[in-house]
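Once you've had a glance at the structure underneath, I'll fire off some questions.
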2 protein chains.
Amino acid sequence: MGRDYKKSDTELLIKNTARDLFFKEGKFGATTQEIADAAKVNRTLINYYFRSRNNLFSIIFQEAVEQEEIFTQEILYSDLPFKQKIENYIDRSFQRAKEFPYLESYIVSRLNEGHLYAKKEDWERFIERFKTEFEEEVRKGNIKEMEPIQFIVNIASLISFPFAARPLLQTTLRISTEEFDKLISQRKEVIMKVLFK
Amino acid sequence: MGRDYKKSDTELLIKNTARDLFFKEGKFGATTQEIADAAKVNRTLINYYFRSRNNLFSIIFQEAVEQEEIFTQEILYSDLPFKQKIENYIDRSFQRAKEFPYLESYIVSRLNEGHLYAKKEDWERFIERFKTEFEEEVRKGNIKEMEPIQFIVNIASLISFPFAARPLLQTTLRISTEEFDKLISQRKEVIMKVLFK
DNA sequence: ATTGTGTTTGACAATTTTGTCAAGCGCAAA
DNA sequence: TTTGCGCTTGACAAAATTGTCAAACACAAT
């Protein structure tokens, strides 16, 4: 309505179906035929709306990364104590990981094929703000001293790895899906305990 | 010599080349032709020695996982203080990650296709021993209280994620390869600081 | 009713990739 | 030298996958 935009139902259907296939079911290598079948549409429509398989992939990938950035920024720029923000971020991440269990491992593995994103100024503003808040916390003695970027890597690692490597962890640790879910549910507390003094 | 075994040079060559393609160069989707080219052998030899492409993959994967297990057990069963063991484990992991930069992300992504390993008794012996040592450390006040398994997940996350998600981190954090290497080199200290009180 | 545009379809061609096979090669043992 | 066996090769067939195209369809605007 707004202008031209209507984005035919089918176009959205295909994109969402593909997204679910990747992120929810972990079928990273899904072919156009499989996507078409899952969406119950003619395979050719994928080419019609997205030109090529690769293009469809790129679009889905791009959108996922953008979502992630929006989440992160929303939280950082919210008006809350630093520790609160971290808690929110963990919650948000877990929530998202619950909806798209394979999102993390998809992003991790697909990124090898080279991609770029995020405007430079946005990032600089972001990291500057983070540094300030982080160093204030260190000064207050709530966090052990370290480079802010190491702290970020810690957060990302502690949150994302269990999801990205869920199959790996489940088999090596020999725990059932139920036990793993329980482990995840206790995870927020553990992460906070580890990140803060 | 020892018995029958000789394992023709070519067989080893193919396996090692494929391994390098996957783990060193991150070419997860390498076709049999690409592998053959890289090894400078006829493509058919892959079928001759390994029957199918999938089988070759499985073997390489299996061996990698076994190596990982051997490393881990060697360290746990060594005669050193707990904290030392963790340090050794970090060193070993980083060393390995330096040789095979894509090993982690390969394992993480490939495991979605379902695999199994490690004998049950071995694992039980392992986790039992770990628990004992871990809880002793907690009692001594060197580690915050938490489930031993959470501690393991923390270690794995903090060590592996930066490597598994290196491309992701480098682009999101907007740092050069040199800066990332520097970050990694300071990482051991950071991880120890985070794991122990 | 007709026109036009966006949507959908099935068939086709091109390409890629995998696995098989029969034949040839090298070399050590008889 | 001949035999046997492991190793290697090129050619072939089969399957899978992607992208293109012309034609048919739906339906709203004229």
Side-chain angles (χ1 to χ4, degrees), chain A residues 1-23 25-63 102 106 109-110 112-115, chain B residues 1-23 25-63 102 106 109-110 112-115:
Chain A
M1 266 262 124
R3 251 281 207 224
D4 303 310
Y5 298 134
K6 177 65 183 296
K7 287 276 175 185
S8 91
D9 289 347
T10 322
E11 182 173 351
L12 261 184
L13 175 66
I14 291 173
K15 200 168 66 183
N16 290 337
T17 306
R19 197 206 322 281
D20 287 352
L21 238 49
F22 300 152
F23 300 160
E25 298 180 33
K27 305 274 181 198
F28 298 170
T31 66
T32 51
Q33 188 62 63
E34 289 172 312
I35 296 171
D37 288 349
K40 288 174 188 160
V41 300
N42 189 289
R43 183 178 61 84
T44 331
L45 292 179
I46 294 176
N47 290 93
Y48 178 74
Y49 287 111
F50 300 96
R51 178 149 80 230
S52 76
R53 177 179 173 276
N54 234 331
N55 192 227
L56 171 60
F57 281 17
S58 296
I59 288 172
I60 291 176
F61 184 81
Q62 193 69 20
E63 287 186 0
Y102 291 94
Y106 182 86
S109 69
R110 281 288 146 176
N112 291 331
E113 278 122 55
H115 282 267
Chain B
M1 264 258 124
R3 248 290 205 218
D4 304 309
Y5 298 133
K6 178 65 183 294
K7 287 275 173 186
S8 94
D9 290 345
T10 323
E11 182 173 352
L12 262 184
L13 175 65
I14 291 173
K15 199 167 66 182
N16 290 337
T17 306
R19 197 205 320 282
D20 287 352
L21 273 181
F22 301 152
F23 300 161
E25 298 181 34
K27 305 276 182 196
F28 298 170
T31 67
T32 51
Q33 187 63 62
E34 288 172 312
I35 296 171
D37 288 348
K40 286 172 189 161
V41 301
N42 189 288
R43 182 177 62 84
T44 328
L45 293 178
I46 295 177
N47 289 93
Y48 178 75
Y49 288 110
F50 300 96
R51 179 151 77 230
S52 75
R53 177 179 173 275
N54 234 332
N55 194 228
L56 170 61
F57 280 18
S58 295
I59 289 172
I60 292 176
F61 184 81
Q62 193 69 20
E63 287 186 1
Y102 291 93
Y106 181 85
S109 68
R110 280 289 147 174
N112 292 329
E113 277 121 57
H115 283 267

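Throughout, a chain's letter reflects where its sequence line sits, starting with A, and its residues are numbered from 1. All values reported here derive from a predicted model rather than from experimental measurement.
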In B/S/- notation (B base, S sugar-phosphate only, - none; protein heavy atoms under 4.0 Å), nucleotides 9-27 of chain C written 5' to 3' is BB------SBBBB------
Indicate the atoms forming the closest heavy-atom contact of B:Ala30 with B:Phe22, along with that distance.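 Closest approach of B:Ala30 to B:Phe22, heavy atoms only: CB-CE2, 4.1 Å.
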Without decimals, in angstroms, what is the distance between A:Leu56 CG and D:dG19 C1'?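 Whole-Å distance recorded here is 14 Å.
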Length of the NZ-C1' vector between A:Lys40 and C:dT8, whole Å: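 One finds 18 Å between C1' of C:dT8 and NZ of A:Lys40, rounded.
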Distance-only polar pair, side chains of A:Ser52 and A:Asn54, donor-acceptor under 3.5 Å: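 No donor-acceptor contact under 3.5 Å links the two side chains.
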For residues B:Arg53 and B:Thr31, report the shortest heavy-atom separation together with the two atoms involved.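 Looks like NE-CA, 4.4 Å.
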Taking only residues two or more places apart in sequence or in another chain, which ones pass side-chain hydrogen bond (donor to acceptor under 3.5 Å, both in side chains) with B:Asn55?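 Checked B:Asn55 against side-chain hydrogen bond (donor to acceptor under 3.5 Å, both in side chains); zero matches.
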Write down the distance between OH (A:Tyr49) and P (D:dG19), rounded to a whole number of angstrom.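 Answer to the nearest Å: 17 Å.
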Sequence-distant partners of A:Glu63, side-chain hydrogen bond (donor to acceptor under 3.5 Å, both in side chains), two or more places apart: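 Once residues adjacent in sequence are excluded, the partners of A:Glu63 under the side-chain hydrogen bond (donor to acceptor under 3.5 Å, both in side chains) criterion are A:Lys15.
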Which atom of A:Ile46 lies closest to which atom of A:Ala36, heavy atoms considered: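 Taking A:Ile46 first and A:Ala36 second, the nearest heavy atoms are CD1-N, 4.0 Å.
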Within this structure, what is the CD1-to-P distance between B:Ile46 and D:dC7, rounded to whole angstrom?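 Nearest whole value for this atom pair: 16 Å.
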